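Here's the structure we're looking at; comments come further down.
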Amino acid sequence: MQIEDVVRVRDSGVEVDILVSPRSGRSGIEGIDDWRKRLIVKVKAPPLDGKANRETEEILSMASGSPSSVISGHTNRQKTIFIEGDPAAIISKLRDHVG
């Protein structure tokens, strides 16, 4: 499975389907869950008061070089993130982090 399988291109950026793993030992992008068709993102923060959501947004912003925000799944491990910017550049940068 490739990054294109978990990303949808929009006019002003991309939507990424992710699976968040809170309270992890380390933070970062771990790969793709083939069964759920989602990008796996591990965060150290607990899923309390939006802390895991904010850390998820930071990780994807740093990985893509563009602002990101949770647009659905605020209280769920399965989320959709919107990353604003040039879709081709964002997909290329995310592909580098997935491996």
Side-chain angles (χ1 to χ4, degrees):
M1 184 163 285
Q2 299 177 1
I3 194 69
E4 290 82 2
D5 297 322
V6 299
V7 172
R8 288 179 300 284
V9 175
R10 300 293 180 235
D11 289 338
S12 58
V14 298
E15 291 179 0
V16 185
D17 294 325
I18 66 166
L19 177 66
V20 176
S21 182
R23 291 190 172 122
S24 292
R26 65 185 196 92
S27 297
I29 297 172
E30 289 293 313
I32 297 176
D33 183 319
D34 292 338
W35 187 70
R36 291 183 178 96
K37 296 182 181 170
R38 293 183 175 270
L39 186 67
I40 302 168
V41 179
K42 292 192 173 187
V43 297
K44 291 181 181 179
L48 302 170
D49 303 321
K51 292 177 183 177
N53 286 340
R54 286 190 294 277
E55 187 175 345
T56 300
E57 291 169 346
E58 290 172 13
I59 289 168
L60 288 171
S61 291
M62 289 189 328
S64 67
S66 299
S68 69
S69 59
V70 176
I71 58 172
S72 71
H74 290 86
T75 60
N76 194 323
R77 291 183 65 205
Q78 294 186 29
K79 303 179 184 298
T80 300
I81 303 285
F82 181 76
I83 304 174
E84 185 178 342
D86 175 41
I90 292 168
I91 291 170
S92 176
K93 288 178 182 178
L94 290 176
R95 188 180 301 116
D96 293 342
H97 282 84
V98 172

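This structure is a prediction, so every number in the text was calculated from the model and none was measured.
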Do [X] and [Y] have side chains that approach each other closer than 4.5 Å (heavy atoms only, starting at C-beta)?
| X | Y | answer |
| --- | --- | --- |
| Pro67 | Glu57 | no |
| Asn53 | His74 | yes |
| Asp5 | Ile32 | no |

Legend entry - Under the side chain to side chain contact (heavy atoms under 4.5 Å, CB included) test, residues paired with Asp11 that sit two or more places apart: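 Partners of Asp11 by the side chain to side chain contact (heavy atoms under 4.5 Å, CB included) criterion come out as none, since no residue qualifies.
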Legend entry - side chain to side chain contact (heavy atoms under 4.5 Å, CB included) against Asp33, all qualifying residues, sequence neighbours excluded: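 If we apply the side chain to side chain contact (heavy atoms under 4.5 Å, CB included) test to Asp33, skipping adjacent residues, the hits are Leu19, Trp35, Arg36, Ile40.
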Report the residues that fulfil side-chain hydrogen bond (donor to acceptor under 3.5 Å, both in side chains) with [X], sequence neighbours left out, ordered by chain and then residue number.
| X | result |
| --- | --- |
| Glu84 | none |
| Ser72 | Thr80 |
| Ser66 | none |
| Ser68 | Ser61 |

Inset, instruction - State yes or no: do Val14 and Val98 share one hydrophobic cluster built from I, L, V, M, F, W and Y residues joined by side-chain heavy-atom distances below 4.5 Å, directly or via other members? - result: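 Yes, because Val14 and Val98 connect within a single hydrophobic cluster, where side-chain heavy atoms sit under 4.5 Å apart.
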Residues which pass salt bridge (charged side-chain N to carboxylate O under 4.0 Å, His left out) with [X], listed by chain and number, not counting sequence neighbours:
| X | value |
| --- | --- |
| Glu4 | Arg95 |
| Arg8 | Glu15, Asp17 |
| Glu30 | Arg26 |
| Arg54 | none |

Legend entry - Co-members of the apolar cluster containing Phe82 [side chain, <4.5 Å]: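 Members alongside Phe82: Ile71.
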Got a list of side-chain donor-acceptor pairs under 3.5 Å for residues 41-51, not counting sequence neighbours?
none

Legend entry - Heavy-atom closest contact (Ile90 atom, Ser64 atom, distance):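 What the structure gives for the nearest pair is CG2-CB, 4.1 Å.
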